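For reference, the structure is listed below as structure tokens.
Note that these values count all heavy atoms, side chains included, but never hydrogens, waters or copies made by symmetry. Nothing here was measured: the structure is a model prediction, and the numbers come from that model.
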Amino acid sequence: MNSSYSGGPIVVGVDGSRAALDAVRLAVAEAQELHSAVRLVHVISPHPQPETVYGAPDVDGDYGRTVLREAVHAAAEIDSSVLVETVVLHGQPESAILAEAKSARLLVLGISQGHALTARVLRSTVFTLVESSVCPVLIVRECSTGSDGAVVVALGDAEVLESDVVVAEAFREASSRKTDVLAIHTRSISEVVAHVIGGANTNVAPETPMDARLESFRADYPTVRSSTVYAEAGSGSELVAVSGTARLLVVGHERGRTCGSTLTTVLRRAECPVLVVPHA
């Protein structure tokens, strides 16, 4: 079962941070698998009082071109055969990057662990992009390239067909990384209690429509081993816990909605890269 996201470059936001360079490196690895180009984007925010002195140095432009050169070098260290293009844009970062995402296969963003105020501003930008992007968004925290563990996919309350695109991305990532898929199906307390009261064997989780749906992906990716575990739906702490040994955490998000408590927790605290897949 192929992903519904296809075509377009992999867009990476570049701001000169170490996290952004880590994002570039991971983007190139993705480009190798997807046979895509990488588009490095640096956005210059408008100044409250624009410079009007004729001939004044273009400080912002010079900085943007410098950080893009560093990013191109980082990309070449991973694979110099991947096509890399660069662009400096002017405007609000969120609006400029969302415009780029409209024609992208994937959007990759880095989050730094630096100054607290800077980190809050970056997280605010990231949340805005995650909530509105039409393509998947890969979040890379500084130096958090993931372990050698499985690709973990979170299955929540979304309808089966809406979850399909999320699971498809998880299996594709696992196949390209030559690892397993661990599907975590979060269930509410009421569902668990109803199951127990119903007299079912409490040592065996009941099959859900998603369990049956996973069989289709297993058939499409026969080399990818997969398993399902059940966890109590909560604030995302169970996903954060497994992120310490995961290679990648894949979560779905309804496009245009504000990030809920689970996704917010994951984006703030996950120890591995997080792939957020939008669905209708």
Side-chain angles (χ1 to χ4, degrees), residues 3-17 19-43 45 64 67-68 71-72 74-75 78 82-89 91-112 121-142 144-146 151 165-166 168-170 172-173 176 248-259 263-264 266-268 270 272-280:
S3 168
S4 63
Y5 300 101
S6 59
I10 295 176
V11 173
V12 189
V14 176
D15 61 2
S17 65
L21 293 179
D22 288 338
V24 169
R25 297 182 182 100
L26 199 52
V28 172
E30 290 285 336
Q32 292 171 321
E33 170 64 21
L34 297 171
H35 306 291
S36 300
V38 173
R39 183 171 170 84
L40 306 177
V41 179
H42 177 78
V43 183
S45 299
V67 299
L68 286 173
V72 169
I78 302 300
V82 171
L83 176 62
V84 177
E85 54 189 26
T86 63
V87 61
V88 176
L89 302 176
Q92 295 297 336
E94 295 91 340
S95 300
I97 294 178
L98 283 175
E100 290 283 323
K102 289 181 179 178
S103 58
R105 169 62 180 81
L106 177 69
L107 175 61
V108 187
L109 304 169
I111 300 181
S112 296
V121 172
L122 284 172
R123 282 199 297 266
S124 175
T125 299
V126 166
F127 279 110
T128 299
L129 295 174
V130 165
E131 290 168 356
S132 304
S133 176
V134 297
C135 71
V137 182
L138 180 58
I139 308 299
V140 183
R141 188 166 278 101
E142 185 177 336
S144 123
T145 55
V151 170
V165 66
V166 182
E169 287 295 312
R172 182 192 63 77
E173 289 285 351
S176 67
L248 177 70
L249 180 56
V250 183
V251 296
H253 176 66
E254 185 174 342
R255 191 181 302 116
R257 291 192 61 181
T258 301
C259 294
L263 182 55
T264 297
V266 166
L267 292 179
R268 287 177 174 170
C272 67
V274 178
L275 179 62
V276 184
V277 183
H279 57 71

As an exercise, state the distance from OG of Ser133 to CD of Glu100, rounded to the nearest 0.5 Å.
11.5 Å
Measure the CD1-CD distance between Ile10 and Gln32 for me, rounded to the nearest 0.5 Å.
9.5 Å
Any heavy-atom pair between the side chains of Phe127 and Arg268 that's under 4.5 Å?
yes
Measure the CG-CG distance between Leu248 and Leu138 for me, rounded to the nearest 0.5 Å.
6.5 Å
Could you state the interatomic distance from CD1 (Ile97) to NZ (Lys102), rounded to the nearest 0.5 Å?
14.0 Å
If I compare all heavy atoms of Cys259 with all of Val130, which pair ends up nearest, and what's the gap?
SG-CG1, 4.1 Å
Would you say that Glu173 contacts Leu275 through its side chain, given a criterion of any heavy-atom pair below 4.5 Å between the two side chains?
yes
Would you call Val38 and Val24 a side-chain contact if the rule is heavy atoms closer than 4.5 Å?
no
Which heavy atom of Leu21 sits nearest a heavy atom of Ala74, and at what distance?
CD2-CB, 4.2 Å
If you round to the nearest 0.5 Å, how far is CZ of Arg255 from NE2 of His253?
9.5 Å
For residues Gly64 and Val88, report the shortest heavy-atom separation together with the two atoms involved.
C-CG2, 4.4 Å
Where do Val166 and Gly252 come nearest, in terms of heavy atoms and distance?
CG2-CA, 3.7 Å
Donor-acceptor check, side chain of Arg141 to backbone of Leu267, threshold 3.5 angstrom: yes or no?
yes
Quick check for you: to the nearest 0.5 Å, what is the distance between Thr125 atom OG1 and Asp15 atom CG?
9.5 Å
Closest non-hydrogen atoms of Ala101 and Cys135, given as atom of the first, atom of the second and distance, are O-SG, 3.8 Å
So do Thr86 and Val14 actually touch side chain to side chain, heavy atoms under 4.5 Å?
no
